[in-house]
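For reference, the structure discussed in these notes is given below.
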Amino acid sequence: MNNKFIQIYENLLNEYGNQNWWPIHENTDPFEEITIGAILTQNTSWKNVEKSIQNLIENNLLSFEKLDKVDIEVLKKLIKPSGFYNQKAKTIKETIKTLKNIPRNKIDRETLLSIKGIGRETADCILLYGLNKPFFVVDAYTKRIFSRAGLINQNMKYDEIQKKFIENLPKDIQIYKEYHALIVEHGKRICLKRNPNCKECSISYICIKIF
DNA sequence: AGCCAGGCCAAGC
DNA sequence: GCTTGGCATGGC
């Protein structure tokens with residue numbers, strides 16, 4: 001496979017280096033922390049999510065078992081910094097209730113999507129980073145960068161975009177993990193919503209929409 | 001001082 | 001099916 005999707009991956013990796021997602025704290029179960037983090041970061045900056053996660057750690061609550069028992073009003077207060085805290089608290093509670101009795105190797109995309117508050121992106125994050133399954137994550141940055149580059153259409157739906165990536169990349173979990181993280185980094189640093197910094201963009205030679 | 005962030009859902013065409 | 005509004009805090 002030699003195509004623009006791979007070229008862009010190599011350029012971004014060269015530019016930013018290995019991102020090593022997902023960040024995990026000590027003494028927590030990676031799957032559980034990733035699941036909580038994936039819910040908290042919905043349409044929310046990671047800086048704010050870190051505050052909420054710190055609150056949970058300081059209160060010794062960053063585990064499914066503890067969060068399952070804690071009063072939801074307490075949970076709401078602790079995750080307040082990451083916004084949408086009423087919905088997210090409910091989603092966390094429901095997620096734990098659903099997942100706690102299912103063996104991890106039986107948790108699939110359908111299971112996750114059946115939970116209210118978990119959509120495709122959140123489900124794929126949990127599958128990829130939490131369960132090491134080959135699901136490519138598509139987010140707002142992915143749509144922005146790759147539609148500007150002319151590699152996808154803006155009106156394409158989530159699953160269509162995901163298919164494009166899967167078709168054009170080797171089925172490699174490490175690449176999926178790294179690529180999504182690199183896309184987020186590039187979206188934050190260079191390919192901004194209003195004033196993208198095209199002069200400093202390492203993939204502008206591919207892009208059809210230079211600002 | 002607005003605008004935006006690692007989305008999702010329900011309601012209304 | 002597709003579009004729109006609501007959800008909410010904190011950083012820049």
Problem set entry | Closest listed nucleotide, where the reference is the side chain of A:T122 and the choices are B:dG6, B:dC8, B:dC3 | B:dC8
Report all interatomic pairs (protein N or O, nucleotide N or O of nucleotides 9-12 of chain C) with separations under 3.5 Å.
unit_1: C:dT9; atom_1: O2; unit_2: A:N48; atom_2: ND2; d: 3.2
unit_1: C:dG10; atom_1: O4'; unit_2: A:N48; atom_2: OD1; d: 3.3
unit_1: C:dG10; atom_1: O4'; unit_2: A:N48; atom_2: ND2; d: 3.1
unit_1: C:dG11; atom_1: OP1; unit_2: A:K51; atom_2: NZ; d: 3.0

For this session: Examine B:dG6: is either OP1 or OP2 under 4.0 Å from a nitrogen or oxygen in the side chain of A:R120? Give yes or no.
Result: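 Checking B:dG6 against A:R120, no side-chain N or O comes under 4.0 Å of OP1 or OP2.
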Exercise. At under 4.0 Å, does any side-chain N or O of A:N86 touch on OP1 or OP2 of C:dA8?
Worked result: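 Checking A:N86 against C:dA8: at least one side-chain N or O falls below 4.0 Å of OP1 or OP2.
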For this session: Measure from CD on A:E185 to C1' on B:dA5 and round the result to the nearest Å.
Result: 14 Å
For this session: Would you mind reading off the distance between A:L192 atom CG and B:dG6 atom P, rounded to a whole angstrom?
Result: 11 Å
In this structure, are over 12 heavy atoms from other groups packed under 6.0 Å from [X] atom [atom1]?
{"X": "A:E58", "atom1": "CD", "value": "yes"}
{"X": "A:N155", "atom1": "CG", "value": "yes"}
{"X": "A:E65", "atom1": "CD", "value": "no"}

For this session: In whole angstrom, give me the gap between the P atoms of C:dG10 and B:dC8.
Result: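 22 Å, rounded to whole Å.
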Problem set entry | Whole-angstrom distance between B:dG6 and C:dG6, as gauged at atom P |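 These two P atoms come out 23 Å apart once rounded.
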Problem set entry | Distance-only donor-acceptor test, A:Q87 side-chain atoms vs C:dC7 base atoms, 3.5 Å | yes
